[in-house]
Amino acid sequence: MPKIDTGDTAWVLVASALVLFMTPGLAMFYGGMVRSKNMLAMLMQNFFAMGIVTVLWVLFGYSLAFGGAGNAGLIGNFDFVGLKDLAHAVSGSVPSLAFVAFQLTFAVITPALITGAIADRMRWAAWVGFITLWSILVYLPVAHWVFAGGWLAERGALDFAGGTVVHVNAGAGGLALVFLLGKRRGWPKEPMPPHSLAWTLMGTGILWFGWFGFNAGSALAANGVAAQAFMNTFVAPAAAMLGWLIVERLKDGHATTLGAASGAVAGLVAITPCAGFVGSLAAVVIGAVTGAVCYLAIGLKFRFGYDDALDVVAVHLVGGILGSILLGLFADASVNAAGKDGVFFGGGWGLFGEQVLAVAVVFAFSFIVSGVIGLALKAVLPKGIRVTEEEEHTGLDLTQHAESAYAFDRA
Amino acid sequence: MPKIDTGDTAWVLVASALVLFMTPGLAMFYGGMVRSKNMLAMLMQNFFAMGIVTVLWVLFGYSLAFGGAGNAGLIGNFDFVGLKDLAHAVSGSVPSLAFVAFQLTFAVITPALITGAIADRMRWAAWVGFITLWSILVYLPVAHWVFAGGWLAERGALDFAGGTVVHVNAGAGGLALVFLLGKRRGWPKEPMPPHSLAWTLMGTGILWFGWFGFNAGSALAANGVAAQAFMNTFVAPAAAMLGWLIVERLKDGHATTLGAASGAVAGLVAITPCAGFVGSLAAVVIGAVTGAVCYLAIGLKFRFGYDDALDVVAVHLVGGILGSILLGLFADASVNAAGKDGVFFGGGWGLFGEQVLAVAVVFAFSFIVSGVIGLALKAVLPKGIRVTEEEEHTGLDLTQHAESAYAFDRA
Amino acid sequence: MPKIDTGDTAWVLVASALVLFMTPGLAMFYGGMVRSKNMLAMLMQNFFAMGIVTVLWVLFGYSLAFGGAGNAGLIGNFDFVGLKDLAHAVSGSVPSLAFVAFQLTFAVITPALITGAIADRMRWAAWVGFITLWSILVYLPVAHWVFAGGWLAERGALDFAGGTVVHVNAGAGGLALVFLLGKRRGWPKEPMPPHSLAWTLMGTGILWFGWFGFNAGSALAANGVAAQAFMNTFVAPAAAMLGWLIVERLKDGHATTLGAASGAVAGLVAITPCAGFVGSLAAVVIGAVTGAVCYLAIGLKFRFGYDDALDVVAVHLVGGILGSILLGLFADASVNAAGKDGVFFGGGWGLFGEQVLAVAVVFAFSFIVSGVIGLALKAVLPKGIRVTEEEEHTGLDLTQHAESAYAFDRA
Amino acid sequence: MKLIVAIVKPFKVDEVKTALLELGLQGMTVSEAQGFGRQRGHSEVYRGKEYTIDFVPKSRIEVLVDDPDVPRVVDTLMEHARTGQIGDGKVWVLPLDAVYRVRTGEAGSDAL
Amino acid sequence: MKLIVAIVKPFKVDEVKTALLELGLQGMTVSEAQGFGRQRGHSEVYRGKEYTIDFVPKSRIEVLVDDPDVPRVVDTLMEHARTGQIGDGKVWVLPLDAVYRVRTGEAGSDAL
Amino acid sequence: MKLIVAIVKPFKVDEVKTALLELGLQGMTVSEAQGFGRQRGHSEVYRGKEYTIDFVPKSRIEVLVDDPDVPRVVDTLMEHARTGQIGDGKVWVLPLDAVYRVRTGEAGSDAL
Ligand SMILES: Nc1ncnc2c1ncn2[C@@H]1O[C@H](COP(=O)(O)OP(=O)(O)O)[C@@H](O)[C@H]1O
Ligand SMILES: Nc1ncnc2c1ncn2[C@@H]1O[C@H](COP(=O)(O)OP(=O)(O)O)[C@@H](O)[C@H]1O
Ligand SMILES: Nc1ncnc2c1ncn2[C@@H]1O[C@H](COP(=O)(O)OP(=O)(O)O)[C@@H](O)[C@H]1O
């Protein structure tokens with residue numbers, strides 16, 4: 001049996017904790033952007049992901065995603081149902097359970113990303129149904145294809161930490177739901193300003209912090225590749241923040257706090273698939289480009305009239321696509337022997353093509369299946385998937401959870 | 001001299017940082033639940049624990065808890081006063097000071113847990129006195145009995161990360177103080193809703209994040225047991241969240257954000273003693289049961305009329321007892337050779353008995369000594385241990401600390 | 001080529017993440033203390049540091065600071081522009097890029113510390129210009145002198161984690177800007193109370209948590225020195241919290257939450273240069289003294305009438321000076337062979353002298369160059385470096401960023 | 001000169017404001033209020049304990065108007081604040097002794 | 001018809017509300033206010049700097065009543081808002097020209 | 001007895017309060033308000049979307065005074081609330097039927 005390396009194990013365990021912490025961070029990042037009457041509903045949808053997905057993962061999720069790894073196939077198997085036989089197993093140089101936990105954190109945060117698109121109007125019961133089905137029918141297969149040596153990985157697509165599996169996947173799911181749910185009443189005329197950017201900034205800090213585990217942890221070892229991924233996870237969001245702020249300043253006349261936060265997150269998204277496969281300067285370029293492009297991508301929802309409340313499409317879908325495809329240009333095998341050379345490093349267009357294919361496949365699959373799930377729930381749930389006008393008006397916190405986010409007393 | 005393993009050391013250092021971070025997390029978890037006029041007092045009582053307990057620990061606390069480890073006795077000794085001779089010592093495979101710091105984080109958060117029970121009415125000076133005495137007279141002995149090879153450990157009780165030492169211990173202390181302090185004026189008639197569930201959810205995220213260090217760090221090495229403990233710390237709170245939400249939904253008609261947070265914390269409490277001794281599926285069961293039971297346990301305070309403000313009894317005392325006792329059923333030596341087999345794994349009722357004994361002993365000891373400390377302070381302090389009606393009414397922030405938690409200006 | 005140690009690498013990577021997390025923590029620590037109309041501007045100035053400094057660091061900053069390390073000189077070189085040739089290099093026992101990232105986190109937070117001094121009145125454009133120039137003209141040289149075997153280090157000054165490079169440096173810069181900007185209108189007559197101490201306390205928790213990476217990470221290995229630094233980073237702030245609270249209680253009649261937070265941060269500042277060079281009991285003394293002295297140092301701004309808004313001088317400058325100089329007394333070579341003996345450990349006054357010199361040099365250099373940069377910006381920027389009376393009155397959030405920090409709706 | 005006070009549902013304020021502008025009014029003052037009346041409030045549950053909140057958020061609009069404008073303003077207020085649901089609110093008219101504009105010291109109609 | 005305004009201590013609002021209901025009143029409007037008067041405020045200390053806050057939180061209750069009910073309502077308000085401590089507040093009565101119910105347009109007593 | 005109401009810029013409240021005290025007044029009640037008028041509000045931008053906020057934060061001051069004091073109080077209010085900029089606000093005077101002090105039940109001037 002391969003030996004456990006304590007350093008690698010320490011790193012993967014810490015990385016897992018860091019990524020789990022991203023979900024509360026995401027909840028706050030999103031929560032700060034909604035109106036105060038919908039704050040708790042947003043937090044709840046995110047925290048619930050930590051509950052339901054985790055239980056599914058232990059029961060059969062991990063097995064369906066990573067069972068039969070390397071089978072170049074469509075889905076895993078039931079070898080590890082209930083995580084059986086894993087207590088003393090080793091994966092690479094770490095205990096298998098550390099790998100299971102690390103991968104679980106990805107399964108948790110991916111559907112959570114969707115909550116930003118559907119903010120302020122989805123019925124709680126509908127979300128419970130959606131995240132359960134989506135995790136099983138969308139996440140598990142896609143994770144298998146790309147992370148577990150499934151067919152896309154075998155074809156040669158690269159995705160260091162989840163540009164397709166996490167971001168394109170969630171972005172497509174969010175877009176599908178947005179179409180099914182329809183616009184929030186009053187959008188885009190009525191102002192719906194963020195109720196607490198302090199929470200959004202706190203969330204941004206937590207996301208960046210946790211993302212080091214997300215990307216550098218994906219090296220699954222405390223080695224040079226992890227260090228490169230770490231460095232790229234540092235510089236890409238930084239460059240993206242600058243990119244976003246500059247374009248924003250030119251277009252709107254102000255560099256905003258929300259812009260700095262959004263740019264950083266966009267950069268983190270874009271570097272995710274590239275983290276361990278590109279050099280530091282490439283990360284600067286990828287970040288800067290993403291910051292500018294994602295800012296501009298926000299205009300799409302107004303042009304095409306779909307109410308992607310917190311811009312999951314502009315930030316995660318567009319950012320994820322950009323990162324995955326730019327990897328086809330900037331991949332540099334000299335950085336990571338397990339990687340490949342992209343167009344700019346003499347690798348030709350082969351990788352680029354695989355990246356485009358992977359993005360297209362994941363987008364199409366997630367968009368379609370998410371839509372089907374949404375339609376099914378709409379048909380099955382007595383009250384449908386959207387709250388009533390009255391409820392939307394009063395707010396989800398009171399109507400879905402019988403709670404208020406804030407109560408400042410003055411007695 | 002045994003050699004230091006850098007991987008294990010890295011893990012124990014990180015785990016220590018994670019657990020220290022839990023105390024601010026706990027402060028926010030609790031702070032969000034009190035009324036805004038008592039927010040700072042709650043934060044202060046928790047942050048103060050990071051100050052006073054740390055200094056006591058360095059001066060003599062560690063020595064009294066871990067001196068003469070393995071003596072099967074009642075208390076440690078003075079060998080390590082001022083942490084002398086530890087600078088270059090090694091414990092297991094890590095520097096002794098890493099172990100000292102890790103254990104210190106437990107000593108800090110345990111009394112902090114009590115603040116939830118006594119919220120909104122304890123005089124600041126009384127808390128200063130209580131936490132100082134409690135740490136010395138209650139925590140140090142109990143930590144010695146269970147964590148340092150004291151008499152309970154020698155008898156064979158198992159407690160991986162502090163079900164008895166931390167949770168039963170703090171819960172019993174809180175209950176004793178609740179009786180001495182009496183109910184908050186207006187309780188339970190007057191509504192006392194949480195003033196900011198956003199803080200409570202942020203605190204929950206921090207607690208879960210830090211708890212990975214709490215439980216998996218207790219392996220004191222980056223190995224398979226740590227990975228198992230990590231996995232269990234992931235799944236038990238998840239299952240507990242679901243358990244709590246389901247019962248809550250059935251009983252109150254709503255699944256609440258506070259319920260999700262409370263369930264997760266209850267699950268973290270219950271898995272604490274079991275983390276490194278049970279398998280992943282057992283963790284699911286332990287979590288689910290705890291979530292449901294702790295929710296129901298909240299009813300006790302209304303039935304018996306004691307004002308346990310933030311449910312330290314229902315969550316920490318009941319959760320700690322459940323976890324410690326369920327370990328007697330689910331313990332599985334095949335998971336951890338250093339562990340034992342519980343009833344369900346052919347180990348018979350021996351372990352179960354020891355667990356019940358340990359719980360009973362720690363509860364009784366903590367409850368009685370805490371009560372004595374409280375009575376002594378009540379007698380000694382000129383103004384007693386409880387604020388006046390006027391002060392309670394105005395709020396502790398202004399009356400105890402001359403501060404206000406919030407001031408939104410509009411100029 | 002030296003071999004990578006996975007444990008050391010895991011630790012340095014985690015430490016880097018922890019220190020990066022300190023900047024959002026600092027933003028919240030400061031943000032909570034300003035009035036709500038300036039909250040976002042404060043957050044923005046801090047988050048922006050994560051953007052601009054990071055990009056500069058990758059392009060040439062690291063190279064100018066650490067190129068030609070050990071040259072006993074004034075500045076680095078251009079060997080590592082764009083981080084070239086570092087992808088597979090090793091520093092000590094960790095990948096060079098891990099070291100680059102770790103040092104970057106220091107470069108990011110140092111200028112961020114300055115924002116506390118200039119709160120509520122600096123024009124956004126002026127901050128953008130200032131932090132860019134300051135990072136290049138002040139931080140890089142000073143980091144080279146002390147951290148990269150530059151002339152101060154070669155003379156024998158000790159600075160384990162940045163007492164001079166980070167705290168004295170930032171404190172002097174802040175003081176210079178305070179003089180150039182002038183007082184906030186209404187100061188000190190008008191009350192300018194913290195708008196949300198909850199954020200300040202959350203920030204304190206994050207800072208303390210991250211500081212373990214800051215100090216213990218500076219050992220650049222997971223070894224006994226790291227454990228000692230970790231322990232000292234635990235106890236010094238604890239003792240400082242007690243020191244501050246006691247003096248405060250005696251002088252003002254109340255122990256305050258803000259005092260507990262401020263004391264802890266002061267203790268963290270003071271222990272920074274000493275962390276890996278002194279024993280645990282010395283850390284208690286250093287902490288306690290710092291807590292008391294920094295509290296008293298706040299009086300200076302009222303005596304001398306300079307408006308150091310959030311007490312960067314009293315906490316970081318005074319705390320940094322205290323720590324650096326007390327190290328001359330408490331340094332203990334038996335704790336760390338790479339260290340020296342201070343006055344109290346028979347090392348005589350040699351080290352003490354070097355410490356005083358280092359403090360004086362860094363203070364003078366930073367104060368002067370910061371002043372020159374400020375004057376230059378004042379001359380160059382069309383609208384100068386300070387907002388108009390009207391803008392100051394309306395608040396920086398609306399006037400500089402066209403945003404509001406809070407919007408509680410009630411529909 | 002009269003002072004017209006209207007208690008309305010908060011989400012109706014913008015509509016009312018626009019309508020009053022169209023009437024040619026120059027200004028108004030709005031403040032937050034909690035209303036109690038036939039319209040019932042809501043209840044919240046925290047850890048199994050249910051609280052009933054009787055008060056409903058309302059907006060309180062004050063408008064100074066010349067006597068002749070009173071009827072039109074009152075009608076406009078009611079028309080645009082109306083949803084037909086219980087809780088739409090009240091409008092009342094108070095007599096005034098005097099009105100001044102702080103900036104100029106102008107009095108009466110000129111102050112509006 | 002009169003408008004009765006009462007400035008009371010916030011924690012007295014519930015008691016006052018209940019008492020008015022027992023009198024048969026159907027509704028009221030409450031808003032937050034800061035009072036200044038004989039009752040002194042409090043002081044806060046931040047990093048050694050002391051601030052005095054002169055204003056005290058108060059609740060402002062508005063009740064529309066028919067003329068005959070005025071005395072009973074005023075007495076009830078005072079009785080239940082009273083603690084006997086300085087700062088209990090004021091009650092004043094304003095004449096009204098008209099009152100309307102937004103929902104129905106009803107005027108006068110019918111509007112209550 | 002009259003009730004004087006003043007809508008002023010929030011940062012002027014302290015100055016006004018001090019001035020009224022010097023006049024010998026014993027108290028006042030202040031509440032938050034949003035004003036709409038000639039003074040325009042501001043605009044905010046979030047992710048490229050611009051919102052215009054028409055309302056401006058104002059403070060609403062209520063002072064009960066004896067008839068003879070009305071002119072002096074009104075003048076003092078206007079003098080100290082004035083900045084000369086648009087948006088300084090309004091002052092209006094309302095007739096009163098009665099005033100009481102809750103604590104003692106005193107009525108009229110004695111209630112102040
Ligand atoms: N007697 C009253 N005095 C003052 N305000 C009142 C009175 N009655 C009702 N209101 C205000 O009018 C609002 C609407 O009244 P309500 O009885 O709920 O509906 P409606 O006016 O449609 O019958 C209440 O929330 C309260 O703010
Ligand atoms: N002249 C006044 N005009 C308006 N409100 C007043 C006046 N005097 C007092 N008040 C209000 O009444 C409250 C109580 O008054 P105060 O003098 O403190 O106590 P008391 O009414 O018991 O003498 C004050 O906080 C303020 O809100
Ligand atoms: N007709 C009105 N009724 C009630 N309040 C008014 C009216 N007109 C103005 N106000 C109040 O007075 C404030 C100042 O008015 P504005 O027209 O902006 O400036 P000015 O009074 O200097 O001309 C407004 O913000 C609003 O609160």
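Worth knowing before you read on, the calculation uses all heavy atoms, side chains too, and leaves out hydrogens, waters and symmetry mates. Order of the sequence lines fixes the chain letters, A, B, ..., with proteins taken first and strands second; residue numbering starts at 1 for each chain.
Aromatic rings from A/Phe330 and A/Phe277 are positioned such that their centres are separated by 6.0 Å or more. Note: C/Phe408 and A/Phe408 meet the aromatic proximity criterion, with ring centroids under 6.0 Å apart.
Counting heavy-atom pairs under 4.5 Å between each of C/Phe48, C/Phe99, C/Phe21 and chain A puts C/Phe21 at the top. Heavy-atom pairs under 4.5 Å with chain A peak, among C/Leu43, C/Leu13, C/Val12, C/Ile52, at C/Leu13. The residue among C/Thr105, C/Leu97, C/Leu18 with the most heavy atom pairs within less than 4.5 Å of chain A is C/Leu97. The most heavy-atom pairs under 4.5 Å with chain A, out of C/Ile4, C/Ile206, C/Leu20, C/Leu83, come from C/Leu20. Chain C forms more heavy-atom pairs under 4.5 Å with one residue of A/Trp208, A/Phe234, A/Trp211 than with any other, namely A/Phe234. Of the listed residues (A/Gln228, A/Met241, A/His195), the greatest number of heavy-atom pairs within a distance under 4.5 Å of chain C belongs to A/His195. Taking chain C as the reference chain and counting heavy-atom pairs below 4.5 Å, the highest number among A/Thr256, A/Asn336, A/Thr9 is found for A/Thr256. When the candidates C/Ser196, C/Ala10, C/Pro24, C/Gly51 are compared by the number of heavy-atom contacts under 4.5 Å with chain A, C/Gly51 comes out ahead. For chain C, the option among A/Val284, A/Val235, A/Val225 with the highest count of heavy-atom pairs below 4.5 Å is A/Val235. Among A/Ala255, A/Gly287, A/Ala260, the residue with the largest count of heavy-atom pairs under 4.5 Å with chain C is A/Ala255. Comparing C/Ala402, C/Ser96, C/Gly7 by how many heavy-atom pairs each has under 4.5 Å with chain A, the most go to C/Ala402.
Only the side chain of C/Met39 comes within contact range of chain A, with heavy atoms under 4.5 Å apart. The contact between A/Pro194 and chain C is made entirely by backbone atoms, counting heavy-atom distances below 4.5 Å. Looking at A/Ser334, the atoms closer than 4.5 Å to chain C (heavy atoms on both sides) all sit in the backbone: N, CA, C or O. Within the 4.5 angstrom heavy-atom criterion, only backbone atoms of C/Ala405 (N, CA, C, O) approach chain A. The contact between A/Trp199 and chain C is made by backbone and side chain atoms together, counting heavy-atom distances below 4.5 Å. A/Val14 touches chain C through its side chain: at least one heavy atom from C-beta onward sits under 4.5 Å away, while N, CA, C and O do not. Within the 4.5 angstrom heavy-atom criterion, only side-chain atoms of A/Leu245, from C-beta onward, approach chain C. Only the side chain of C/Trp124 has a heavy atom closer than 4.5 Å to any heavy atom of chain A. For a residue to count as touching a neighbouring chain, one of its non-hydrogen atoms must lie under 4.5 Å from one of that chain's; by this rule A/Leu242 touches chain C with the side chain only. For chain C, no part of A/Ala216 is nearby; none of its heavy atoms comes within less than 4.5 Å. For A/Phe230, the part sitting under 4.5 Å from any heavy atom of chain C is the side chain, from C-beta outward, and nothing else.
A donor and an acceptor atom, one from each side chain of A/Thr394 and A/Glu391, are nowhere located under 3.5 Å apart. No donor-acceptor contact under 3.5 angstrom links the side chains of A/Asp5 and A/Ser93, judged on distance only. Using a 3.5 Å distance cut-off with no hydrogens or angles, the side chains of C/Asp79 and C/Tyr62 do not pair a donor with an acceptor.
A/Trp244 places no side-chain N or O within 3.5 Å of a backbone atom of A/Ala288 that could act as its donor or acceptor partner. Checking side-chain atoms of C/Thr115 against main-chain N and O of C/Ala112 turns up a donor-acceptor pair under 3.5 Å. The backbone N or O of A/Ala221 sits nowhere less than 3.5 Å from a side-chain atom of A/Asp8 that would complete a donor-acceptor pair. A donor-acceptor pair is defined here as one N or O able to donate and one able to accept, closer than 3.5 Å; such a pair exists between the side chain of C/Asn223 and the backbone of C/Ala226.
For C/Lys383, the NZ atom counts as loosely surrounded, since its 6.0 Å shell holds 12 or fewer non-hydrogen atoms of other residues, nucleotides or ligands.
At least one side-chain heavy atom of C/Thr388 sits less than 4.5 Å from a side-chain heavy atom of C/Arg123.
Under 4.0 Å is where a charged nitrogen must lie from a carboxylate oxygen, and between A/Arg185 and A/Glu392 at least one such pair does. The pair A/Lys37-A/Asp397 fails the salt-bridge criterion, with no side-chain N (NZ, NE, NH1 or NH2) lying under 4.0 Å from an Asp/Glu carboxylate O.
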